[in-house]
Amino acid sequence: MSYRLINACFLLFMLSAFTGFAGDVKNRGVLVCVGENASGPIRKAAQELAAGAQGVPALRALIKTQGPSGPVRLVPGETLMIRDPRRSDRFEGKAFEQAAYNHLVVIGLASSDPLVKQVWDVGAAVDEKAKTIYMEGYGAIQGDVGYIESTRNPFLHSQQMPSATFDTCLFRISGTSEAGVLAAVKAFRGGMLNGLVPAGNIARPEKTILDLDPSVEACPLPFPRSVTIPGNENKNGKAFLAGWTQAAANEYRAYLDRGGHEPDRVWRLKYLRPDNFNRIDPEVWSCGFHRKAWGNAVTVARFASQEDAADVVKSIRNEGKNWKQLSLAGLEFWETAQPGDEVFKSSSGSVFAGAVGKYVVLSSLPAKATEGLLKAVGTSNDKGSR
(Lines give C-alpha, C1' and ligand atoms only; values in the text may rest on other atoms or scores of the structure.)
Protein backbone atom coordinates (compact mmCIF):
# COMPACT_ATOMS: atom_id res chain seq x y z
CA MET A 1 0.00 0.00 0.00
CA SER A 2 1.41 3.44 -0.95
CA TYR A 3 2.26 6.11 1.61
CA ARG A 4 -0.34 8.31 -0.14
CA LEU A 5 -3.04 5.75 0.51
CA ILE A 6 -1.97 5.08 4.10
CA ASN A 7 -2.08 8.75 5.06
CA ALA A 8 -5.21 9.54 3.08
CA CYS A 9 -7.07 6.56 4.55
CA PHE A 10 -6.18 7.73 8.04
CA LEU A 11 -7.61 11.14 7.24
CA LEU A 12 -10.81 9.61 5.92
CA PHE A 13 -11.11 7.47 9.04
CA MET A 14 -10.86 10.61 11.16
CA LEU A 15 -13.30 12.42 8.89
CA SER A 16 -15.91 9.72 9.41
CA ALA A 17 -16.00 10.55 13.12
CA PHE A 18 -16.26 14.32 12.63
CA THR A 19 -19.93 15.18 13.00
CA GLY A 20 -19.80 18.33 15.12
CA PHE A 21 -17.46 21.18 15.96
CA ALA A 22 -15.96 22.24 19.26
CA GLY A 23 -13.20 24.66 18.21
CA ASP A 24 -13.26 28.08 16.59
CA VAL A 25 -10.93 28.69 13.65
CA LYS A 26 -10.88 32.41 14.51
CA ASN A 27 -9.07 31.59 17.75
CA ARG A 28 -6.55 29.19 16.19
CA GLY A 29 -3.02 30.41 16.68
CA VAL A 30 0.55 29.12 16.92
CA LEU A 31 1.87 27.83 20.24
CA VAL A 32 5.64 27.59 20.63
CA CYS A 33 6.04 24.97 23.35
CA VAL A 34 9.10 24.43 25.55
CA GLY A 35 9.36 22.34 28.71
CA GLU A 36 9.76 23.79 32.18
CA ASN A 37 12.95 21.75 32.60
CA ALA A 38 14.49 22.83 29.32
CA SER A 39 17.98 24.32 29.45
CA GLY A 40 18.49 28.06 29.34
CA PRO A 41 19.76 28.05 25.73
CA ILE A 42 16.81 25.98 24.51
CA ARG A 43 14.33 28.22 26.32
CA LYS A 44 16.01 31.29 24.81
CA ALA A 45 15.86 29.76 21.33
CA ALA A 46 12.13 29.07 21.76
CA GLN A 47 11.50 32.61 22.99
CA GLU A 48 13.35 34.11 20.03
CA LEU A 49 11.48 31.85 17.61
CA ALA A 50 8.11 32.97 18.98
CA ALA A 51 9.11 36.63 18.96
CA GLY A 52 10.38 36.40 15.39
CA ALA A 53 7.58 34.23 13.97
CA GLN A 54 6.97 36.55 11.01
CA GLY A 55 10.50 35.83 9.85
CA VAL A 56 10.08 32.02 9.92
CA PRO A 57 8.84 30.81 6.50
CA ALA A 58 6.46 28.13 7.81
CA LEU A 59 4.93 30.35 10.49
CA ARG A 60 4.76 33.36 8.20
CA ALA A 61 2.94 31.25 5.60
CA LEU A 62 0.46 30.03 8.22
CA ILE A 63 -0.22 33.55 9.43
CA LYS A 64 -0.69 34.93 5.91
CA THR A 65 -2.82 32.17 4.36
CA GLN A 66 -4.97 30.45 6.97
CA GLY A 67 -7.63 33.04 7.60
CA PRO A 68 -8.35 34.54 11.02
CA SER A 69 -5.95 33.26 13.64
CA GLY A 70 -4.84 34.03 17.15
CA PRO A 71 -1.39 35.17 18.19
CA VAL A 72 1.92 33.33 18.30
CA ARG A 73 2.47 32.51 21.99
CA LEU A 74 5.20 30.85 24.01
CA VAL A 75 3.74 28.31 26.46
CA PRO A 76 5.11 25.65 28.82
CA GLY A 77 4.54 22.29 27.15
CA GLU A 78 3.31 20.82 30.41
CA THR A 79 0.20 23.03 30.30
CA LEU A 80 -1.03 21.04 27.29
CA MET A 81 -0.67 17.70 29.08
CA ILE A 82 -2.82 18.06 32.18
CA ARG A 83 -4.53 14.72 32.76
CA ASP A 84 -8.23 14.38 33.43
CA PRO A 85 -8.49 13.54 37.17
CA ARG A 86 -11.40 11.20 36.42
CA ARG A 87 -9.70 9.31 33.57
CA SER A 88 -5.94 8.89 33.47
CA ASP A 89 -6.05 7.89 29.79
CA ARG A 90 -7.43 11.29 28.76
CA PHE A 91 -6.26 14.89 28.96
CA GLU A 92 -8.18 17.58 30.80
CA GLY A 93 -10.65 19.23 28.46
CA LYS A 94 -9.36 22.81 28.22
CA ALA A 95 -5.72 21.72 28.05
CA PHE A 96 -6.55 19.23 25.32
CA GLU A 97 -8.52 21.77 23.29
CA GLN A 98 -5.62 24.22 23.51
CA ALA A 99 -3.28 21.53 22.21
CA ALA A 100 -5.64 20.33 19.48
CA TYR A 101 -6.97 23.61 18.11
CA ASN A 102 -3.65 25.40 17.66
CA HIS A 103 -0.64 24.81 15.44
CA LEU A 104 2.17 23.55 17.69
CA VAL A 105 5.92 24.12 17.53
CA VAL A 106 7.37 21.70 20.09
CA ILE A 107 11.03 22.29 20.97
CA GLY A 108 13.28 20.26 23.26
CA LEU A 109 14.80 16.92 24.18
CA ALA A 110 12.59 13.90 24.77
CA SER A 111 14.50 13.01 27.95
CA SER A 112 13.59 16.26 29.69
CA ASP A 113 10.43 17.45 27.96
CA PRO A 114 7.26 15.35 28.38
CA LEU A 115 5.49 17.04 25.46
CA VAL A 116 8.34 16.20 23.08
CA LYS A 117 8.06 12.60 24.24
CA GLN A 118 4.26 12.64 23.94
CA VAL A 119 4.24 13.81 20.31
CA TRP A 120 7.18 11.68 19.13
CA ASP A 121 6.48 9.58 16.06
CA VAL A 122 8.15 6.66 14.32
CA GLY A 123 10.12 8.77 11.84
CA ALA A 124 13.36 8.72 13.82
CA ALA A 125 14.89 6.84 16.75
CA VAL A 126 17.10 8.86 19.10
CA ASP A 127 19.41 7.67 21.88
CA GLU A 128 20.51 10.77 23.76
CA LYS A 129 23.01 8.92 25.97
CA ALA A 130 24.83 7.54 22.94
CA LYS A 131 24.10 10.74 20.94
CA THR A 132 22.81 8.70 18.02
CA ILE A 133 19.87 9.04 15.66
CA TYR A 134 18.58 6.56 13.11
CA MET A 135 16.29 7.57 10.28
CA GLU A 136 15.40 5.72 7.11
CA GLY A 137 17.19 7.29 4.17
CA TYR A 138 19.96 8.71 6.37
CA GLY A 139 21.09 5.67 8.32
CA ALA A 140 22.65 5.68 11.79
CA ILE A 141 24.43 8.92 12.74
CA GLN A 142 26.33 9.75 15.91
CA GLY A 143 27.03 13.26 17.11
CA ASP A 144 25.20 16.47 17.89
CA VAL A 145 22.32 16.22 15.42
CA GLY A 146 19.08 18.16 15.27
CA TYR A 147 15.79 16.73 13.98
CA ILE A 148 12.88 18.59 12.36
CA GLU A 149 9.60 16.94 11.42
CA SER A 150 6.47 18.72 10.23
CA THR A 151 3.21 16.82 10.23
CA ARG A 152 -0.41 16.78 11.43
CA ASN A 153 -1.23 17.75 14.99
CA PRO A 154 -1.56 14.42 16.85
CA PHE A 155 -3.87 15.94 19.46
CA LEU A 156 -6.43 16.89 16.81
CA HIS A 157 -6.01 13.51 15.11
CA SER A 158 -6.62 11.42 18.22
CA GLN A 159 -9.34 9.29 19.75
CA GLN A 160 -10.11 12.00 22.29
CA MET A 161 -11.13 14.41 19.53
CA PRO A 162 -14.91 14.09 18.96
CA SER A 163 -15.22 16.65 16.17
CA ALA A 164 -13.46 19.27 14.09
CA THR A 165 -13.98 21.14 10.85
CA PHE A 166 -10.50 22.62 10.50
CA ASP A 167 -7.01 21.18 10.79
CA THR A 168 -3.83 22.04 12.70
CA CYS A 169 -0.23 20.97 12.31
CA LEU A 170 2.81 20.12 14.40
CA PHE A 171 6.46 21.13 14.02
CA ARG A 172 8.63 18.79 16.08
CA ILE A 173 12.13 20.18 16.76
CA SER A 174 14.43 17.93 18.77
CA GLY A 175 17.73 16.10 18.48
CA THR A 176 20.42 14.02 20.13
CA SER A 177 21.66 16.86 22.35
CA GLU A 178 21.13 20.48 23.30
CA ALA A 179 23.50 21.52 20.52
CA GLY A 180 21.46 19.46 18.07
CA VAL A 181 18.19 21.09 19.15
CA LEU A 182 19.67 24.57 18.81
CA ALA A 183 20.95 23.75 15.32
CA ALA A 184 17.50 22.44 14.37
CA VAL A 185 15.80 25.62 15.62
CA LYS A 186 18.20 27.68 13.51
CA ALA A 187 17.51 25.53 10.44
CA PHE A 188 13.73 25.78 11.00
CA ARG A 189 14.00 29.56 11.18
CA GLY A 190 15.89 29.40 7.90
CA GLY A 191 13.13 27.42 6.17
CA MET A 192 13.77 23.71 6.76
CA LEU A 193 10.53 21.78 7.31
CA ASN A 194 11.86 18.25 7.54
CA GLY A 195 15.38 16.91 7.92
CA LEU A 196 18.46 16.28 10.04
CA VAL A 197 20.82 19.06 11.06
CA PRO A 198 24.43 18.26 12.10
CA ALA A 199 25.86 20.62 14.70
CA GLY A 200 29.45 19.53 14.11
CA ASN A 201 31.25 16.41 12.99
CA ILE A 202 29.24 13.20 12.70
CA ALA A 203 30.23 9.53 12.75
CA ARG A 204 28.69 6.32 11.44
CA PRO A 205 28.28 3.71 14.19
CA GLU A 206 26.96 1.33 11.53
CA LYS A 207 26.38 1.36 7.79
CA THR A 208 23.19 0.86 5.80
CA ILE A 209 22.57 0.73 2.05
CA LEU A 210 20.80 4.12 2.18
CA ASP A 211 23.23 6.24 4.18
CA LEU A 212 23.13 9.96 3.44
CA ASP A 213 25.04 12.73 5.18
CA PRO A 214 22.43 15.46 5.76
CA SER A 215 22.98 18.93 4.30
CA VAL A 216 21.44 22.19 5.48
CA GLU A 217 22.10 23.85 2.10
CA ALA A 218 18.92 25.50 0.86
CA CYS A 219 17.89 25.33 -2.78
CA PRO A 220 19.88 28.04 -4.57
CA LEU A 221 17.28 28.70 -7.26
CA PRO A 222 15.55 32.06 -6.63
CA PHE A 223 11.97 30.90 -6.27
CA PRO A 224 9.52 33.70 -5.37
CA ARG A 225 8.14 34.07 -1.86
CA SER A 226 4.58 33.78 -3.18
CA VAL A 227 2.72 32.64 -6.29
CA THR A 228 -0.87 33.20 -7.40
CA ILE A 229 -3.12 30.16 -7.29
CA PRO A 230 -6.60 30.74 -8.78
CA GLY A 231 -9.79 29.27 -7.43
CA ASN A 232 -9.01 29.12 -3.72
CA GLU A 233 -11.18 30.43 -0.91
CA ASN A 234 -8.84 33.31 -0.16
CA LYS A 235 -9.64 36.21 -2.49
CA ASN A 236 -6.05 37.19 -3.23
CA GLY A 237 -5.22 33.60 -4.22
CA LYS A 238 -1.63 33.82 -3.04
CA ALA A 239 0.27 30.73 -1.92
CA PHE A 240 3.33 31.50 0.20
CA LEU A 241 6.63 29.64 0.25
CA ALA A 242 6.58 27.80 3.57
CA GLY A 243 10.00 26.17 3.45
CA TRP A 244 11.69 23.06 2.14
CA THR A 245 12.20 19.41 2.96
CA GLN A 246 15.58 17.73 2.91
CA ALA A 247 15.10 14.65 0.73
CA ALA A 248 16.34 11.28 1.98
CA ALA A 249 18.66 8.84 0.19
CA ASN A 250 15.87 6.73 -1.27
CA GLU A 251 14.79 9.70 -3.39
CA TYR A 252 18.34 10.18 -4.66
CA ARG A 253 18.48 6.51 -5.61
CA ALA A 254 15.14 6.77 -7.42
CA TYR A 255 16.69 9.17 -9.93
CA LEU A 256 19.63 6.82 -10.41
CA ASP A 257 17.38 3.79 -10.86
CA ARG A 258 15.00 5.55 -13.23
CA GLY A 259 17.24 7.95 -15.11
CA GLY A 260 20.76 6.61 -14.77
CA HIS A 261 22.15 9.60 -12.89
CA GLU A 262 22.15 10.41 -9.17
CA PRO A 263 21.76 14.04 -8.11
CA ASP A 264 24.06 15.66 -5.58
CA ARG A 265 21.16 17.50 -3.88
CA VAL A 266 17.37 17.11 -3.79
CA TRP A 267 14.97 19.60 -2.22
CA ARG A 268 11.17 19.70 -2.00
CA LEU A 269 9.78 23.21 -1.59
CA LYS A 270 6.29 23.69 -0.24
CA TYR A 271 3.89 26.50 -1.11
CA LEU A 272 1.02 26.82 1.37
CA ARG A 273 -2.22 27.60 -0.39
CA PRO A 274 -4.85 29.94 1.08
CA ASP A 275 -7.09 28.39 3.74
CA ASN A 276 -5.53 24.94 3.33
CA PHE A 277 -6.03 24.02 6.99
CA ASN A 278 -9.52 25.53 7.24
CA ARG A 279 -11.21 22.20 6.52
CA ILE A 280 -10.68 18.45 6.95
CA ASP A 281 -10.12 16.23 3.91
CA PRO A 282 -7.33 14.11 2.41
CA GLU A 283 -6.12 16.93 0.16
CA VAL A 284 -5.36 19.02 3.25
CA TRP A 285 -2.67 16.50 4.12
CA SER A 286 -1.32 16.36 0.56
CA CYS A 287 -0.94 20.15 0.52
CA GLY A 288 0.44 20.26 4.06
CA PHE A 289 3.94 20.07 5.51
CA HIS A 290 4.63 16.33 5.78
CA ARG A 291 7.85 15.23 4.06
CA LYS A 292 5.89 12.98 1.69
CA ALA A 293 3.07 15.42 0.95
CA TRP A 294 3.05 16.06 -2.80
CA GLY A 295 0.45 18.84 -3.23
CA ASN A 296 1.53 22.38 -4.15
CA ALA A 297 5.15 21.29 -4.00
CA VAL A 298 8.21 21.79 -6.18
CA THR A 299 10.89 19.10 -6.13
CA VAL A 300 14.29 20.20 -7.39
CA ALA A 301 17.16 17.78 -8.10
CA ARG A 302 20.61 19.11 -8.97
CA PHE A 303 22.83 17.04 -11.26
CA ALA A 304 26.45 17.24 -12.33
CA SER A 305 25.61 18.63 -15.77
CA GLN A 306 22.85 19.85 -18.04
CA GLU A 307 23.19 16.65 -20.05
CA ASP A 308 22.53 14.48 -16.99
CA ALA A 309 19.45 16.54 -16.10
CA ALA A 310 18.11 16.25 -19.65
CA ASP A 311 18.68 12.47 -19.63
CA VAL A 312 16.69 12.12 -16.39
CA VAL A 313 13.76 14.15 -17.74
CA LYS A 314 13.74 12.01 -20.89
CA SER A 315 13.64 8.84 -18.78
CA ILE A 316 10.81 10.21 -16.64
CA ARG A 317 8.62 11.11 -19.62
CA ASN A 318 9.29 7.76 -21.29
CA GLU A 319 7.54 5.96 -18.43
CA GLY A 320 4.32 5.79 -20.42
CA LYS A 321 2.37 8.20 -18.19
CA ASN A 322 0.82 10.09 -21.14
CA TRP A 323 3.14 13.06 -20.83
CA LYS A 324 2.16 16.05 -22.97
CA GLN A 325 4.77 18.53 -24.17
CA LEU A 326 4.26 22.25 -23.54
CA SER A 327 6.24 25.45 -23.16
CA LEU A 328 6.52 27.18 -19.78
CA ALA A 329 8.47 30.43 -19.56
CA GLY A 330 10.06 29.53 -22.88
CA LEU A 331 11.32 26.18 -21.58
CA GLU A 332 10.40 22.70 -22.82
CA PHE A 333 8.33 21.06 -20.10
CA TRP A 334 6.08 18.04 -19.88
CA GLU A 335 2.71 17.61 -18.18
CA THR A 336 0.79 14.62 -16.90
CA ALA A 337 -2.14 14.13 -14.52
CA GLN A 338 -1.52 13.41 -10.86
CA PRO A 339 -2.62 9.79 -10.35
CA GLY A 340 -5.70 8.83 -8.39
CA ASP A 341 -6.19 5.85 -6.09
CA GLU A 342 -8.82 4.35 -3.76
CA VAL A 343 -9.07 7.64 -1.85
CA PHE A 344 -8.34 10.22 -4.55
CA LYS A 345 -10.99 9.13 -7.06
CA SER A 346 -10.01 11.85 -9.50
CA SER A 347 -6.78 13.62 -10.25
CA SER A 348 -5.85 16.54 -7.99
CA GLY A 349 -4.17 18.36 -10.86
CA SER A 350 -1.08 18.06 -13.01
CA VAL A 351 2.61 17.36 -12.57
CA PHE A 352 5.02 19.40 -14.66
CA ALA A 353 8.53 18.10 -15.34
CA GLY A 354 11.47 19.64 -17.12
CA ALA A 355 15.14 20.51 -17.00
CA VAL A 356 16.41 23.98 -16.07
CA GLY A 357 20.11 23.87 -16.73
CA LYS A 358 21.54 21.15 -14.48
CA TYR A 359 18.35 21.03 -12.40
CA VAL A 360 15.34 18.76 -12.83
CA VAL A 361 12.17 20.51 -11.64
CA LEU A 362 8.96 18.62 -10.80
CA SER A 363 6.02 20.84 -9.87
CA SER A 364 2.49 20.04 -8.71
CA LEU A 365 1.55 23.73 -8.65
CA PRO A 366 -0.91 24.90 -11.34
CA ALA A 367 0.54 25.72 -14.76
CA LYS A 368 0.55 29.52 -14.37
CA ALA A 369 2.12 29.31 -10.92
CA THR A 370 4.75 26.89 -12.21
CA GLU A 371 5.48 29.24 -15.09
CA GLY A 372 5.91 32.07 -12.60
CA LEU A 373 8.48 30.01 -10.72
CA LEU A 374 10.38 29.26 -13.90
CA LYS A 375 10.44 32.93 -14.91
CA ALA A 376 12.00 33.73 -11.54
CA VAL A 377 14.52 30.93 -11.99
CA GLY A 378 15.43 32.48 -15.32
CA THR A 379 17.32 35.16 -13.39
CA SER A 380 19.52 32.59 -11.65
CA ASN A 381 23.25 32.29 -12.20
CA ASP A 382 23.23 28.73 -10.86
CA LYS A 383 21.70 26.91 -13.84
CA GLY A 384 24.79 25.86 -15.72
CA SER A 385 27.26 23.03 -15.32
CA ARG A 386 29.98 23.08 -12.71
Side-chain angles (χ1 to χ4, degrees), residues 1-8 121-124 133-141 145 147-151 187 191-198 204 207-221 223 242-271 285-305 308-319 321 323 334 336 338-339 341 351-365 370 373:
M1 182 178 292
S2 70
Y3 65 78
R4 283 187 10 144
L5 181 56
I6 292 170
N7 284 282
D121 204 347
V122 297
I133 185 167
Y134 175 82
M135 187 173 177
E136 182 185 14
Y138 296 91
I141 298 175
V145 181
Y147 172 55
I148 305 173
E149 184 176 10
S150 302
T151 185
M192 185 184 291
L193 291 168
N194 297 278
L196 300 183
V197 186
R204 291 282 179 182
K207 292 185 177 182
T208 76
I209 61 173
L210 288 175
D211 286 346
L212 177 69
D213 290 346
S215 168
V216 297
E217 176 191 4
C219 179
L221 296 183
F223 288 123
W244 57 279
T245 287
Q246 179 192 78
N250 50 308
E251 292 197 40
Y252 286 67
R253 287 296 301 272
Y255 288 98
L256 177 63
D257 294 344
R258 179 62 62 184
H261 304 284
E262 185 169 353
D264 73 330
R265 288 285 181 270
V266 181
W267 304 268
R268 182 155 42 256
L269 293 87
K270 174 65 64 168
Y271 281 85
W285 175 87
S286 75
C287 292
F289 296 127
H290 193 278
R291 66 166 40 253
K292 294 180 179 178
W294 67 92
N296 286 349
V298 184
T299 299
V300 178
R302 186 176 67 196
F303 291 85
S305 68
D308 288 356
D311 283 347
V312 170
V313 172
K314 183 177 180 180
S315 297
I316 290 173
R317 65 180 176 83
N318 284 339
E319 289 183 9
K321 300 289 186 182
W323 290 92
W334 300 82
T336 192
Q338 295 182 31
D341 55 27
V351 176
F352 300 93
V356 182
K358 62 183 177 181
Y359 294 87
V360 170
V361 176
L362 298 162
S363 171
S364 61
L365 290 166
T370 298
L373 296 180

[X] (side chain) donor-acceptor with [Y] (main chain) under 3.5 angstrom:
X      : Y      : result
Lys270 : Gly295 : yes
Asn194 : Thr245 : no
Arg268 : Arg291 : yes
Lys358 : Asp308 : no
Ser364 : Ala297 : yes
Asp211 : Thr208 : yes

Any side-chain heavy atom of Glu136 within less than 4.5 Å of one from Asn250? no
Taking C-beta and beyond as the side chain, do Leu365 and Asn296 meet within less than 4.5 Å on heavy atoms? yes
Taking ring pair (Phe, Tyr, Trp, His ring centres under 6.0 Å) as the definition, give me every residue that meets it alongside Phe352, ordered by chain and number, with sequence neighbours left out.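 Ring pair (Phe, Tyr, Trp, His ring centres under 6.0 Å) list for Phe352, sorted by chain: empty.
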Point-to-point distance, once rounded to the nearest 0.5 Å, from [atom1] of [X] to [atom2] of [Y]:
X      : Y      : atom1 : atom2 : result
Phe223 : Trp244 : CZ    : CH2   : 13.5 Å
Ile141 : Leu212 : CD1   : CG    : 8.0 Å
Lys292 : Thr151 : NZ    : OG1   : 11.0 Å
Asp311 : Ser305 : CG    : OG    : 7.5 Å
Leu210 : Tyr252 : CG    : OH    : 12.5 Å

Looking at every heavy atom in both [X] and [Y], which two are closest together, and how far apart are they?
X      : Y      : value
Trp267 : Pro220 : CH2-CD, 3.7 Å
Tyr255 : Pro263 : CB-CD, 3.7 Å
Cys219 : Leu269 : CB-CD1, 4.2 Å
Ile209 : Arg253 : O-NH1, 4.3 Å
Ala242 : Leu193 : O-CD2, 3.5 Å
Thr370 : Ser363 : OG1-OG, 2.7 Å

Not counting sequence neighbours, which residues clear side chain to side chain contact (heavy atoms under 4.5 Å, CB included) with Ala310? List them please.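 If we apply the side chain to side chain contact (heavy atoms under 4.5 Å, CB included) test to Ala310, skipping adjacent residues, there are no hits.
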Holding to side chain to side chain contact (heavy atoms under 4.5 Å, CB included), I want the full list of residues that pass it with Ser315, two or more places apart in sequence or in another chain.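 If we apply the side chain to side chain contact (heavy atoms under 4.5 Å, CB included) test to Ser315, skipping adjacent residues, there are no hits.
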Using the ring of each side chain (for Trp, its six-membered ring), is Phe303 parallel, tilted or perpendicular to His261, with breaks at 30° and 60°?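 Rings of Phe303 and His261: perpendicular, over 60°.
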Does CZ belonging to Arg204 count more than 12 external heavy atoms closer than 6.0 Å? yes
Set out, in order, the CA-CA distance, both residues' side-chain angles and the distance that settles side-chain contact (heavy atoms from CB on, under 4.5 Å) for Gln246 and Leu196, then state yes or no. CA-CA 8 Å; Gln246 179 192 78; Leu196 300 183; 4.1 Å; yes
Give a yes or no on whether a salt bridge exists between Arg302 and Glu217, defined as a side-chain N under 4.0 angstrom from a carboxylate O. yes
Less than 6.0 angstrom from the centroid, inside 45 degrees of the normal: does Arg317 satisfy that with respect to the ring of Trp323? no
